[in-house]
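My questions will all concern the structure given below.
Everything quoted here is computed from the prediction, not taken from an experiment.
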Amino acid sequence: MATYNVFRLQSQGSHQNIKQSSEPIPTIEGHEILLKIRAVSLNYRDIAITKGQYPFPVKTQVIPCSDAAGEIVEVGSRVEGFKVGDRVIASFDGTNLYGPQKNWNHGHGGPVDGFLREFAALPATAVVKIADEANLSFPQMAGLVCTGVTAWNALYGNIPLRPGQAVLFQGTGGVSLTGLMLAKAAGARTIITSSSDDKLEFVQKKYGVDHIINYKSTPDWAAEVKKITGGEGVDYILENGGSGTIKQSIECIKMGGSIAVIGFLAAAKQEDMPDVAGLALSKGCIVRGITVGSKQLLEELVQFVVTKGLEPPVEKTFGFSPEEVMAAYEYMQGGSHVGKICISIE
Ligand SMILES: NC(=O)c1ccc[n+]([C@@H]2O[C@H](COP(=O)([O-])OP(=O)(O)OC[C@H]3O[C@@H](n4cnc5c(N)ncnc54)[C@H](OP(=O)(O)O)[C@@H]3O)[C@@H](O)[C@H]2O)c1
């Protein structure tokens, strides 16, 4: 029986517990495609899962990583619309085709196996085709799955962003940089924060963000945002810090604006917990939790990225050997990255 290389997280606690082994190549049912995975992208979620800090279910000995891009190598007898050689990306939750997330039970690389492996059998309904003319690398495609859909959901999942509006991104990680790419392409005015002046300078030069603020040297960054926007505040915020940053976010959201609560990177101490209800009321703003997003959102995102010829922000790509996989996880944990970290699977 033909075998392939696969990594499994033997137990939670550390990324060092991710071990490579050899397993039979999956066989497909009539409604499935066999995907030769060519790249995965890493998310903060993957780090939280290895450390045992992810607040949702995780399968025992899970295959890590939610974001896969690859080529179809076999098509099931009942599948229409796909052929061998098509480039596709897999939706974060293959069961969530449209609308809000139904539960946390089907996200790849958590409650069900993910894609740190060479092959995967997937229902054809769970993948999105990348147009032949699209000039995207496999790591760039993989970066659209969780990060891309999350950022798209923040900007278009409720009241859609309009040209000329102002958007604030917290930090220079994958979600922020991908959101920046989308918002700029949509004609928005953009502001980004970071703990590092070097990162801010880099993001301004390479990605053309309109305004930068160091949230370490300017702890009252909301005041700076208001100054930049003539006292009004921004229309959208991609909130990556969570309870520790949301007070400042509400301070600098425009009246009636939208805060997409995405991350939990800066939790507030219980005694410092802000009164979000009262603060939101004072601004008449939307405080909306984001749960990645559906396949429908992924399709909309892919269409926008391909039509506009956008280049998803991949910072570094590692190889598929055990040493390289460890290095990729360590690089992500180190936090020096700007944009996405990926693993290429040749
Ligand atoms: N809800 C969802 O569906 C969903 C989906 C995807 C991701 N997430 C979450 O979103 C967050 C970001 O994910 P990611 O993949 O983009 O992570 P990432 O690539 O590791 O980026 C993290 C960046 O956040 C910034 N940061 C850390 N603490 C901050 C603070 N107090 N204020 C502002 N920025 C801060 C840092 O930027 P600087 O180094 O520039 O300071 C850091 O590099 C994570 O919590 C992740 O779990 C949620």
Side-chain angles (χ1 to χ4, degrees), residues 26 28-41 43 45-46 56-57 59 63 65-72 74-76 78-83 86-115 119-132 134 136 138-158 160-161 174-175 178-179 181-182 260 262 288-308 310 312 340:
I28 57 168
E29 309 270 330
H31 66 292
E32 292 181 324
I33 54 104
L34 185 64
L35 184 64
K36 167 68 186 80
I37 299 168
R38 298 288 304 275
V40 297
S41 87
N43 293 290
R45 171 179 181 262
D46 300 312
F56 301 108
K59 182 188 165 186
I63 302 174
C65 296
S66 58
D67 302 355
E71 282 162 306
I72 294 180
E74 196 182 341
V75 178
R78 302 203 306 277
V79 171
E80 289 180 4
F82 291 100
K83 61 179 188 320
D86 280 350
R87 299 179 304 167
V88 298
I89 53 181
S91 190
F92 178 82
D93 174 343
T95 69
N96 184 21
L97 301 183
Y98 59 89
Q101 195 71 19
K102 314 305 184 267
N103 54 47
W104 284 104
N105 300 339
H106 305 281
H108 292 119
V112 302
D113 280 331
F115 299 117
F119 292 95
L122 289 165
T125 50
V127 300
V128 172
K129 187 177 167 188
I130 303 293
D132 293 338
L136 292 168
F138 284 107
Q140 285 177 320
M141 292 178 209
L144 294 175
V145 175
C146 174
T147 301
V149 170
T150 298
W152 183 262
N153 193 351
L155 300 173
Y156 295 102
N158 193 24
L161 172 71
V175 170
T178 306
M181 168 190 79
L182 298 174
I262 296 170
R288 177 173 172 256
I290 300 288
T291 50
V292 193
S294 64
K295 183 188 165 198
Q296 182 182 7
L297 290 176
L298 180 62
E299 283 176 344
E300 290 171 10
L301 166 71
V302 165
Q303 179 173 276
F304 184 74
V305 168
V306 171
T307 306
K308 288 281 196 180
L310 303 182
K340 295 297 295 177

Applying salt bridge (Lys or Arg N to Asp or Glu O under 4.0 Å), can you list everything that pairs with Lys59, at least two apart in sequence or on another chain?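 For Lys59 the salt bridge (Lys or Arg N to Asp or Glu O under 4.0 Å) partners, ignoring immediate neighbours, are Asp113.
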
pair Pro312-Leu136: side-chain heavy atoms closer than 4.5 Å: yes

Nearest 0.5 Å please: distance from the CZ atom of Phe119 over to the CD1 atom of Ile28. 12.0 Å

Using side-chain heavy atoms (C-beta onward) and a distance below 4.5 Å, is Leu301 in contact with Leu182? yes

Just jot down the ring-ring contact (aromatic ring centres under 6.0 Å, His included) partners of Phe115, sequence neighbours excluded, or say none.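 With neighbours one apart ignored, the set is His108.
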
Partner set under side chain to side chain donor-acceptor pair (under 3.5 Å) for Arg87, not counting sequence neighbours: none

Would you say the side chain of Met141 lies within less than 4.5 Å of the side chain of Asp67, judging by non-hydrogen atoms? no

By salt bridge (Lys or Arg N to Asp or Glu O under 4.0 Å), which residues pair with Lys295, not counting sequence neighbours?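 Residues passing salt bridge (Lys or Arg N to Asp or Glu O under 4.0 Å) with Lys295: Glu299.
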
Short side-chain to backbone donor-acceptor contact, Asn103 and Asn105, under 3.5 Å: yes

Sorted by chain and residue number, the side chain to side chain donor-acceptor pair (under 3.5 Å) partners of Thr95 (sequence neighbours excluded) come out as Asp93

Okay, side chain of Glu32, backbone of Gly76: is any donor-acceptor separation there less than 3.5 Å?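 Not at all, since once roles are kept as given, no pair shorter than 3.5 Å links the two residues.
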
Atom CG in Leu144, atom CZ in Phe304: separation rounded to 0.5 Å?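 It is 12.0 Å, given to the nearest 0.5 Å.
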
In chain order, what residues pass the side chain to side chain donor-acceptor pair (under 3.5 Å) check against Asp46, with sequence neighbours excluded? none

With a 3.5 Å distance limit and no angle check, can you tell me whether Lys83 reaches the backbone of Gly81 through a side-chain donor-acceptor pair? no

Atom NZ of Lys308: over 12 foreign heavy atoms under 6.0 Å: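 Not more than 12 within 6.0 Å, no.
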
